Engineer: 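Below is one structure. I have some questions about it.
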Amino acid sequence: MFYNKIYEFCGAKNIGGAHKNGNSPPPRVVWILDLLNSNNINYILDEFEDSEFPNNKFYNIFLPGTSLIAVSAHHDIVNPLSDNANDNSASVINAISLKAISPETSIILLDGEEPPMMGVGSRRASKKILSGEYPNIKSVLNFELTGRGGKNFFIGNTGGELSDKINSIFSPPNISTPFNDSDIFRECGIDSVVINPLPETLNESRVKYSGKNLDFGIVYNCHSLKDNINSIDTKDMKEFVEEVVIKIVK
């Protein structure tokens, strides 16, 4: 699997948010495409523009499959000085790792989730799902901050068939979440929910799972230097993909 590739991926540094891509793929997109090409993983690169961000191109990467449930993860960043390890490099690596063990699962790696774009990539992907260009997809499981926590996770409290399926298998906490791409998918009429593992903590927490306190505080490391490569755990990444996600997408 590709979990250890997180260390290389965090070394691919964009100059800033996706609105600063310019007219050629930024380093993180180039790195992802090189990984896919070197492992013979089929993909479709969707290069597009948005009228709100002139003279700039965005890059969604679609790994086609036959599944009714697709997995998405945004690859863009805010702070070029950060490793952006948990937000959202780990999720990109986890999504590609899932593809390796579940080839039938469609994967959408999204650009433009972070401010000021706020879902440019997911809005574009929604149009392609609804038009049938990305076929079969009925629901989208959106990965956010999936570098720590493994089997301890929460989902957004959005409801829907996908949420119902996850709740029936795992009964995780359902909580209100900050903006993420699942908001755009649902706005466009596509069933979607965000999933986010969290490590255990000895401190009292508002997020509890099976009697354990989960450390919601790591969410606030996003966009900062605290979101470094030492803050994630490849064993947790593997556990999350192979013991949680695989049961959801099957």
Side-chain angles (χ1 to χ4, degrees), residues 1-6 9 32 35-36 39 41 43 61-75 85-110 113 122 125 129 134 136-158 160-175 177 180-182 185-186 190-200 207 209-210 214 218-219 232-250:
M1 293 310 108
F2 300 101
Y3 305 108
N4 285 331
K5 291 292 185 179
I6 182 72
F9 187 31
I32 293 169
L35 178 66
L36 298 176
N39 287 278
I41 299 175
Y43 66 88
I61 306 167
F62 179 56
L63 284 55
T66 58
S67 61
L68 298 179
I69 301 173
V71 164
S72 66
H74 76 85
H75 59 72
N86 204 27
D87 182 24
N88 203 28
S89 299
S91 295
V92 172
I93 296 298
N94 283 341
I96 296 172
S97 296
L98 174 65
K99 186 67 174 179
I101 62 174
S102 180
E104 68 274 17
T105 302
S106 294
I107 305 293
I108 315 173
L109 304 178
L110 300 164
E113 187 266 357
S122 48
I129 292 171
Y134 293 173
N136 305 314
I137 297 170
K138 302 300 181 184
S139 301
V140 180
L141 181 65
N142 186 49
F143 284 6
E144 277 284 356
L145 283 66
T146 61
R148 288 282 307 281
K151 291 186 287 187
N152 299 316
F153 68 94
F154 68 85
I155 61 173
N157 62 346
T158 54
E161 291 185 10
L162 182 55
S163 292
D164 290 345
K165 180 178 183 179
I166 298 170
N167 285 326
S168 70
I169 300 171
F170 297 103
S171 298
N174 289 221
I175 71 171
T177 59
N180 63 84
D181 281 314
S182 72
F185 286 120
R186 289 194 312 279
I190 299 167
D191 182 33
S192 183
V193 66
V194 65
I195 186 168
N196 186 162
L198 293 173
E200 292 184 52
V207 184
Y209 189 12
S210 298
L214 304 187
I218 68 169
V219 171
I232 57 90
D233 187 327
T234 55
K235 292 180 180 178
D236 281 7
M237 292 167 62
K238 176 181 172 67
E239 181 178 273
F240 172 70
V241 171
E242 299 182 18
E243 298 187 38
V244 174
V245 179
I246 198 69
K247 294 179 181 179
I248 298 171
V249 299
K250 291 295 188 182

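Heavy atoms only: backbone and side chains are in, while hydrogens, waters and symmetry mates are out. Here the structure is a predicted model, which is why all the values come from computation and not from measurement.
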Engineer: With a 4.5 Å cut-off on side-chain heavy atoms, are V193 and L141 touching?
Structural biologist: yes
Engineer: Could you tell me whether Y209 and F154 have their ring centroids closer than 6.0 angstrom?
Structural biologist: no
Engineer: What residue among T177, N88, N180 forms side-chain hydrogen bond (donor to acceptor under 3.5 Å, both in side chains) with N142?
Structural biologist: N180
Engineer: Under a 4.5 Å cut-off applied to non-hydrogen side-chain atoms, are E113 and E144 in contact?
Structural biologist: yes
Engineer: To the nearest 0.5 Å, what is the distance between OG1 on T66 and CD1 on I137?
Structural biologist: 10.5 Å
Engineer: For residues N94 and V245, determine if any side-chain heavy atom of one lies less than 4.5 Å from a side-chain heavy atom of the other.
Structural biologist: no
Engineer: Which residue, H75, K5, H74, forms the side-chain contact (heavy atoms from CB on, under 4.5 Å) with V92?
Structural biologist: H75
Engineer: Measuring from L68:CG to T105:OG1, what's the distance to the nearest 0.5 Å?
Structural biologist: 10.5 Å
Engineer: If we only count heavy atoms from C-beta on, is the I93 to S97 side-chain gap below 4.5 Å?
Structural biologist: yes
Engineer: What's the separation between atom CG in L98 and atom CZ in F143, rounded to the nearest 0.5 Å?
Structural biologist: 5.5 Å
Engineer: Is there side-chain contact between L198 and N152, with at least one heavy-atom pair below 4.5 Å?
Structural biologist: no
Engineer: I107 and I96: side chain to side chain contact (heavy atoms under 4.5 Å, CB included), yes or no, with the steps?
Structural biologist: CA-CA 8 Å; I107 305 293; I96 296 172; 5.7 Å; no
Engineer: I need the N196 CG to I155 CD1 distance, nearest 0.5 Å.
Structural biologist: 11.5 Å
Engineer: Using the ring of each side chain (for Trp, its six-membered ring), is Y134 parallel, tilted or perpendicular to F62, with breaks at 30° and 60°?
Structural biologist: parallel
Engineer: To the closest 0.5 Å, what do you measure between NZ (K99) and OH (Y43)?
Structural biologist: 14.0 Å
Engineer: Could you pull out the closest heavy-atom pair between I6 and A85, with the gap in Å?
Structural biologist: CD1-O, 4.0 Å
Engineer: Quick one: does D191's side chain have a donor or acceptor within less than 3.5 Å of a partner on G160's backbone?
Structural biologist: no
Engineer: What residue among I190, D181, I129 forms side-chain contact (heavy atoms from CB on, under 4.5 Å) with S122?
Structural biologist: D181
Engineer: If you define the side chain from C-beta out and look only at heavy atoms, does anything of D236 sit under 4.5 Å from P197?
Structural biologist: no
Engineer: Among I246, I248, V241, which one satisfies side-chain contact (heavy atoms from CB on, under 4.5 Å) with V244?
Structural biologist: I248
Engineer: Would you indicate whether the side-chain heavy atoms of F153 and I166 approach each other to under 4.5 Å?
Structural biologist: yes
Engineer: Considering all heavy atoms of both residues, which atom of G147 and which atom of A90 are nearest to each other, and what is their separation?
Structural biologist: CA-CB, 3.5 Å
Engineer: Specify the closest pair of heavy atoms between G150 and F240, including all atoms of both residues, with the distance to one decimal.
Structural biologist: O-CD1, 3.6 Å
Engineer: When rounded to the nearest 0.5 angstrom, what is the spacing between CE in M237 and CZ in F2?
Structural biologist: 12.0 Å
Engineer: Taking everything shown except E104 itself, do over 12 heavy atoms lie less than 6.0 Å from its CD?
Structural biologist: yes
